[in-house]
Amino acid sequence: MDKIVIKGGHPLFGTVKISGSKNSSLPIITSTLLTDNVLSLHNVPNLSDIRTLHKILASLGVKVSQKSLHTWEYQADTINSFTAAYDLVKTMRASFLVLGPLLTRFGECKVALPGGCAIGVRPVNFHLEALSLMGADIEIKDGYVYASTKSKRLKGAEITFSRVSVGATENTLMAATLAEGKTIIHNAAMEPEIDDLANCLVSMGADITGIGSNCLTINGVDSLHGATHSIIPDRIESITYAIAAAITRGRIDIIDTRVEHITSVIEVLKAMGVDIKEITGGFSCSGEGNNIKGIDIVTSPYPGFPTDAQAQIMALMLTAKGASNINETIFENRFMHVPEMQRMNGDIILTDAFSVKVMGSSELHGAPVMASDLRASAGLILAALAAKGESIIDRVYHLDRGYEDIETKLSSCGADIYRYKDTPKE
């Protein structure tokens, strides 16, 4: 199992180019199931989650072809299976997104209940209730969702989510593109990744209005065609490298990103004393001057402060002057990185399952720590960059799910970081 070793305490200076968005790529790649024509995608990041999804699609009969490092072509004209098996689905929650496209195009599917990061229950009931309203017969048996249409096509419906759900919005949106009639999704997720998916679907011939709002209207069409689409930059990766500059009291230019997608985080960083300036194609982030101070934040759905940046901002808060508070409102089990940061001398008080107080002014020390999920991995990396001495971060396979070439990008800015494989003893 790979580990990452970091000798921290050095300010980082340099330029980081942001990769394509993982959370955009996964649903957009899955949308290839909606057509028998070729879908060509650019700016696809080189990540383990992408490779897992490729295996799932190939098992269904999709032709998956790599044209360059970040360009792929997909064609679902020879689907020979409607089953997404447990051995693949268990490793990645986003694989559940094959449900809507398979059901709406072929009228049946069998999809294993999903796995992924252990950061909360994240039930799939919103997905299933929406599809049921569209006329699907749903049965859960032996760890699988069995779904079929009562007629040849799903029917348009008016759907209101009681709680914002990115995955349920994506599954319902894709299913609605080929449904008969109009579907209206109320309280839809508004993340940029939803917009990216919707724009790709429109380029494939879908009829979608309300993109960028929390109410999406989809008029079903008889078929979709192929398209060429470029994935948006990964906003969470942008945030992570911005905090890397701030926490090490260095300066990093972050390019090939979209500042408008991370406004809530930039506002928080500025309020903490981080110097941020827009530059061509991105922004420059600096923590020089050591003027970082504490702040209180509450995670919330987009455009609020993202839960996916909570572990990273916690690392920065450890080095700030004064106390900070974090209220996590999205997932009930997303503070598993707290004990690991405490091992690095982080002064953190877990007040309840959803709240922590970060006391600040911690002199972080290197330590062996263990990553519990993707974003916790990033938070520990950041803490290690600021810590004195050596940190060894275990279970970094989580990190490989969402960060492309993180060691290379950080080392190019002066980080003392390397990866090694832990060889089992005889």
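- Lys22 and Asp308 are not joined by a salt bridge, as no carboxylate oxygen comes within less than 4.0 angstrom of a charged side-chain nitrogen.
- Under a cut-off of 6.0 angstrom, the local environment of CZ in Phe13 is crowded, with over 12 non-hydrogen atoms contributed by other residues, nucleotides or ligands.
- Counting non-hydrogen atoms of neighbouring residues, nucleotides and ligands closer than 6.0 angstrom, the NZ atom of Lys388 reaches no more than 12 such neighbours.
- The CD1 atom of Ile295 sits 10.0 Å away from atom CG of Leu316, with the distance rounded to the nearest 0.5 Å.
- Proximity of a side-chain donor or acceptor of Tyr86 to a complementary backbone N or O of Tyr144 within less than 3.5 Å is not detected.
- Scanning both residues, Ser31 and Leu197, for their nearest heavy atoms gives CB-CD1, 4.4 Å.
- In this structure, the side chain of Asp405 does not engage the main chain of Thr408 through any donor-acceptor pair within 3.5 Å.
- Between the side chain of Lys321 and the backbone N or O of Asn290, at least one donor-acceptor pair lies under 3.5 Å.
- Using a 4.5 Å heavy-atom cutoff, the side chains of Met204 and Leu201 are in contact.
- Contact annotation: the side chain of Leu39 approaches that of Cys200 to within less than 4.5 Å [non-hydrogen atoms, C-beta and beyond].
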Kindly indicate, with the supporting measurements, whether the criterion side-chain contact (heavy atoms from CB on, under 4.5 Å) is fulfilled by His70 and Glu404. CA-CA 11 Å; His70 297 118; Glu404 181 178 11; 2.7 Å; yes
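- Between the side chain of Thr319 and the main chain of Ile247, no donor-acceptor pair closer than 3.5 Å is present.
- Side-chain contact check for Thr71 and His42: at least one donor-acceptor pair (N or O, by modelled atom type) lies under 3.5 Å.
- Using a 30° and 60° split on the angle between ring planes, Phe96 and His127 fall in the perpendicular class, above 60°.
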Output, in order, the C-alpha distance, side-chain angles, deciding distance and verdict of side-chain contact (heavy atoms from CB on, under 4.5 Å) for Lys3 and Tyr420. CA-CA 6 Å; Lys3 297 181 181 181; Tyr420 77 92; 3.5 Å; yes
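- With contacts defined as side-chain heavy-atom distances shorter than 4.5 Å, the pair Leu47/Arg401 does not qualify.
- A donor-acceptor pair is defined here as one N or O able to donate and one able to accept, closer than 3.5 Å; no such pair exists between the side chain of Asn325 and the backbone of Asp296.
- The closest side-chain heavy-atom distance from Ile18 to Val16 is below 4.5 Å.
- Between the side chain of Thr160 and the main chain of His186, no donor-acceptor pair closer than 3.5 Å is present.
- Looking at every heavy atom in both residues, Gly402 comes nearest to Asp234 through O-OD2, 4.4 Å.
- Residues Arg375 and Gln312 are in side-chain contact: their nearest non-hydrogen atoms beyond the backbone lie under 4.5 Å apart.
- For the pair Thr248 and His10, the minimum side-chain heavy-atom distance is 4.5 Å or more.
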Would you sort out whether Arg163 and Asn187 count as a side chain to side chain donor-acceptor pair (under 3.5 Å), showing the intermediate values? CA-CA 7 Å; Arg163 180 178 174 183; Asn187 201 26; over 6 Å; no
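- For the pair Asp2 (side chain) and Arg419 (backbone), a donor-acceptor distance under 3.5 Å is absent.
- We find the CD-CZ distance between Glu278 and Phe283 to be 9.5 Å, quoted to the nearest 0.5 Å.
- Ionic pairing of Glu328 and Arg334 is not present here: no N-O contact between side-chain nitrogen and carboxylate oxygen is shorter than 4.0 angstrom.
- Atom CD1 of Ile313 sits about 11.0 Å away from atom CG of Leu318, to the nearest 0.5 Å.
- Arg395 is not listed as a side-chain neighbour of Ser377, based on a closest heavy-atom distance of 4.5 Å or more.
- Residues Leu88 and Ile56 approach most closely at CB-CG1, 3.5 Å, considering heavy atoms.
- For Glu260, the CD atom is densely surrounded, since the number of other residues' heavy atoms within 6.0 Å is greater than 12.
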Please evaluate residues Lys67 and Ser40 with respect to the criterion side chain to side chain donor-acceptor pair (under 3.5 Å), reporting the C-alpha separation (whole Å), side-chain torsions for both, the decisive distance (0.1 Å), and the verdict. CA-CA 9 Å; Lys67 299 304 178 182; Ser40 180; over 6 Å; no
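- When all heavy atoms of Thr169 and Ala189 are compared, the closest pair comes out as OG1-N, 3.1 Å.
- Here the shortest heavy-atom pairing between Ser362 and Asp347 reads OG-N, 3.1 Å.
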Using the side-chain contact (heavy atoms from CB on, under 4.5 Å) rule, take Leu60 and Leu102 through it: C-alpha gap first, then chi angles, then the decisive distance, then the call. CA-CA 10 Å; Leu60 301 175; Leu102 283 175; 4.1 Å; yes
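- A side-chain donor-acceptor contact under 3.5 Å links Gln342 to the backbone of Ile348.
- Glu340 contributes a side-chain N or O that, together with a main-chain N or O of Met370, makes up a donor-acceptor pair within less than 3.5 Å.
- With contacts defined as side-chain heavy-atom distances shorter than 4.5 Å, the pair Asn43/Asp256 does not qualify.
- Formation of a donor-acceptor pair under 3.5 Å by the Ser21 side chain with backbone atoms of Ile232 is not found in this model.
- Annotation: the span from Cys285 atom SG to Leu269 atom CG amounts to 6.0 Å, rounded to 0.5 Å.
- Counting heavy-atom neighbours within 6.0 Å of Arg249 CZ, excluding the residue itself, gives a total above 12.
- Aromatic ring orientation, Phe126 versus Phe161: tilted (interplanar angle from 30° to 60°).
- Taken from CD1 in Ile262 to CD1 in Ile239, the straight-line distance is 5.5 Å, to the nearest 0.5 Å.
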Test side-chain contact (heavy atoms from CB on, under 4.5 Å) on Ile417 and Leu385; report intermediate values, then the result. CA-CA 9 Å; Ile417 178 173; Leu385 290 170; 5.5 Å; no
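- Under the 3.5 Å distance criterion, with hydrogens and angles disregarded, a donor-acceptor pair is assigned to the side chains of Tyr74 and His54.
- Across all their heavy atoms, His337 and Ala376 have their closest contact at CB-CB, 3.8 Å.
- With rounding to the nearest 0.5 angstrom, the OG1 atom of Thr177 is 4.5 Å from the CG atom of Leu224.
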